[in-house]
Number of protein chains: 2
Amino acid sequence: MSANSRMTIAVHVLTWMALVRGRGREVVTSDQIAASVNTNPVVIRRSLADLRDAGVVVVRHGAGAGWSLAREAEAISLLDVYEAVRDGGPFALHRNEPNQACPVGRGIRPALSRVYDHAEEAVRRELARVSVADVLRDTLAA
Amino acid sequence: MSANSRMTIAVHVLTWMALVRGRGREVVTSDQIAASVNTNPVVIRRSLADLRDAGVVVVRHGAGAGWSLAREAEAISLLDVYEAVRDGGPFALHRNEPNQACPVGRGIRPALSRVYDHAEEAVRRELARVSVADVLRDTLAA
DNA sequence: CTGGGTGTAACAGCTACGGCTACATCCGTG
DNA sequence: CACGGATGTAGCCGTAGCTGTTACACCCAG
């Protein structure tokens, strides 16, 4: 449960891209994004690489290189982002295998997996209801 | 999102206590529990301390010391456990404050907090529907 | 008083992440 | 076809949190 911030970084990146896209700037660089997030451009590129693999952003190489959204901000849900930066979900099972001679040690991992799967599915349902455009609206309203 | 296993350990502990309680053993020691979880008794006592603070288990000192469930296993939900081992939820905001001169940097944290709160609330609803007795049943069925 | 068990501090090892440097690679543009 | 700005990625360091362990003070029924 000790959370990392990769999801937050990725959403920030997309929200910023949606903002400047509304101002006519279609292609942006990792340096420009890094200025808003206040971190190193390599961190941004790592995040963008995940999003590119998920088909959420597209990259252009060569002169005038940079990144742009693969589709409208309304069509990018936070579930898309969650899947893109995925790393195993909020819960983890035992680090060391429990005692297999004990009935609880033997059966608890599949039982817990079922519960954890349901909990994560609930998270996905919530994230699916929110788009990057929603986040941008809410961000600018504050 | 990089998960830790404290939730898993705590549920395992309670499930085991519910099992042996059904066999008539009311009071158990951290050593006995550690044998099922396959870890060090101090790890178990740390977990039990969280559960004790949450009112889920009670401790007896002195000779014949040990732990017992504070109430029926049916009346202990995984949400109770989640609250007991709580450490900040599945998502984290930026480690470094984003650029406050940027509209996105300024407004995204409250916007994201709202989304994350909804997602965590969904997790709680799922966990609230499952009791330690349910987990024990499911564990022994496998 | 005794002794078995709890309560907790302290430390080591491991893992993961964020931040950073360095450098190879790519490809419009002139 | 070379140039140059930006990507792609390996590699390293410092930090942080967790697990596992030792050590020892404290508690209290018998």
Side-chain angles (χ1 to χ4, degrees), chain A residues 1-10 12-13 17 25-54 57-68 70 85-99, chain B residues 1-10 12-13 17 25-53 57-68 85-99:
Chain A
M1 262 167 307
S2 70
N4 67 30
S5 57
R6 291 193 343 218
M7 175 80 179
T8 293
I9 301 296
H12 188 146
V13 166
M17 290 174 76
R25 274 209 282 158
E26 191 66 46
V27 176
V28 299
T29 69
S30 57
D31 271 58
Q32 296 164 346
I33 305 176
S36 171
V37 180
N38 188 28
T39 185
N40 192 286
V42 173
V43 175
I44 300 300
R45 271 180 269 168
R46 282 203 275 245
S47 183
L48 284 165
D50 287 339
L51 296 169
R52 176 203 56 202
D53 294 345
V57 300
V58 293
V59 62
R60 278 206 338 170
H61 283 272
W67 305 82
S68 48
V85 303
R86 186 146 195 48
D87 76 331
F91 300 108
L93 294 180
H94 308 72
R95 177 169 299 197
N96 301 327
E97 176 172 82
N99 182 357
Chain B
M1 261 167 309
S2 69
N4 66 30
S5 57
R6 287 182 358 205
M7 175 82 178
T8 293
I9 301 296
H12 188 146
V13 166
M17 290 174 76
R25 272 210 282 161
E26 192 66 47
V27 176
V28 298
T29 69
S30 57
D31 272 56
Q32 296 164 346
I33 305 176
S36 172
V37 181
N38 188 28
T39 185
N40 192 287
V42 173
V43 175
I44 301 299
R45 272 180 268 168
R46 282 203 276 245
S47 184
L48 283 165
D50 288 338
L51 296 169
R52 176 201 57 204
D53 293 346
V57 300
V58 292
V59 62
R60 278 204 340 168
H61 283 271
W67 306 82
S68 47
V85 302
R86 188 150 194 45
D87 74 333
F91 300 109
L93 295 180
H94 308 71
R95 178 169 298 196
N96 301 327
E97 175 173 83
N99 182 356

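Heavy-atom basis, side chains included; hydrogens, waters and symmetry copies ignored. This structure is a prediction, so every number in the text was calculated from the model and none was measured. We name chains A, B, ... by the order of the sequence lines, and we start the count at 1 in each one.
- When the nucleotides C:dG19, D:dC18, D:dG4 are ranked by their closest atom to the side chain of A:Ala63, D:dG4 comes out on top.
- The side-chain contact (heavy atoms from CB on, under 4.5 Å) test applied to A:Arg95 returns no partner, not counting sequence neighbours.
- Straight-line distance from the CZ atom of B:Arg6 to the C1' atom of C:dT15: 16 Å, rounded to whole Å.
- Protein atom CD of A:Glu97 is 18 Å distant from nucleotide atom P of D:dT19, rounded to whole Å.
- Rounded to an integer number of Å, the gap from A:Leu51 CG to D:dG8 C1' is 15 Å.
- Counting to the nearest Å, the P atom of D:dT7 and the CD atom of A:Gln32 are 9 Å from each other.
- In this structure, A:Asn96 places its CG atom 9 Å from C1' of D:dG20, rounding to the nearest Å.
- DNA chain D is contacted by both B:Gly64 and B:Asn40; B:Asn40 maps to the nucleotide lying nearer its 5′ end (nearest heavy atom per residue).
- Listed by chain and residue number, nothing satisfies the side-chain hydrogen bond (donor to acceptor under 3.5 Å, both in side chains) test with B:Ser47 (two or more places apart in sequence, or in another chain).
- Taking the side-chain hydrogen bond (donor to acceptor under 3.5 Å, both in side chains) definition, one finds that A:Glu97 meets it with A:Arg109, sequence neighbours left out.
- For the side-chain contact (heavy atoms from CB on, under 4.5 Å) test, no residue two or more places apart in sequence or in another chain qualifies with A:Ala35.
- A search for side-chain hydrogen bond (donor to acceptor under 3.5 Å, both in side chains) contacts involving B:Arg46 returns nothing, not counting sequence neighbours.
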Nucleotide by nucleotide, nucleotides 6-13 of chain C touches protein heavy atoms under 4.0 Å in the pattern (B base, S sugar-phosphate only, - none) BBB-B---
Practice prompt. Could you please spell out the steps behind the side-chain contact (heavy atoms from CB on, under 4.5 Å) verdict for A:Leu48 and A:Val59?
Written response: CA-CA 9 Å; A:Leu48 284 165; A:Val59 62; over 6 Å; no
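- Straight-line distance from the CG atom of A:Asn38 to the C1' atom of C:dG18: 12 Å, rounded to whole Å.
- The side chain of B:Asn4 contributes no N or O atom lying less than 4.0 Å from OP1 or OP2 of C:dA16.
- Look at B:Ser5 and you'll find a side-chain N or O under 4.0 angstrom from OP1 or OP2 of D:dT19.
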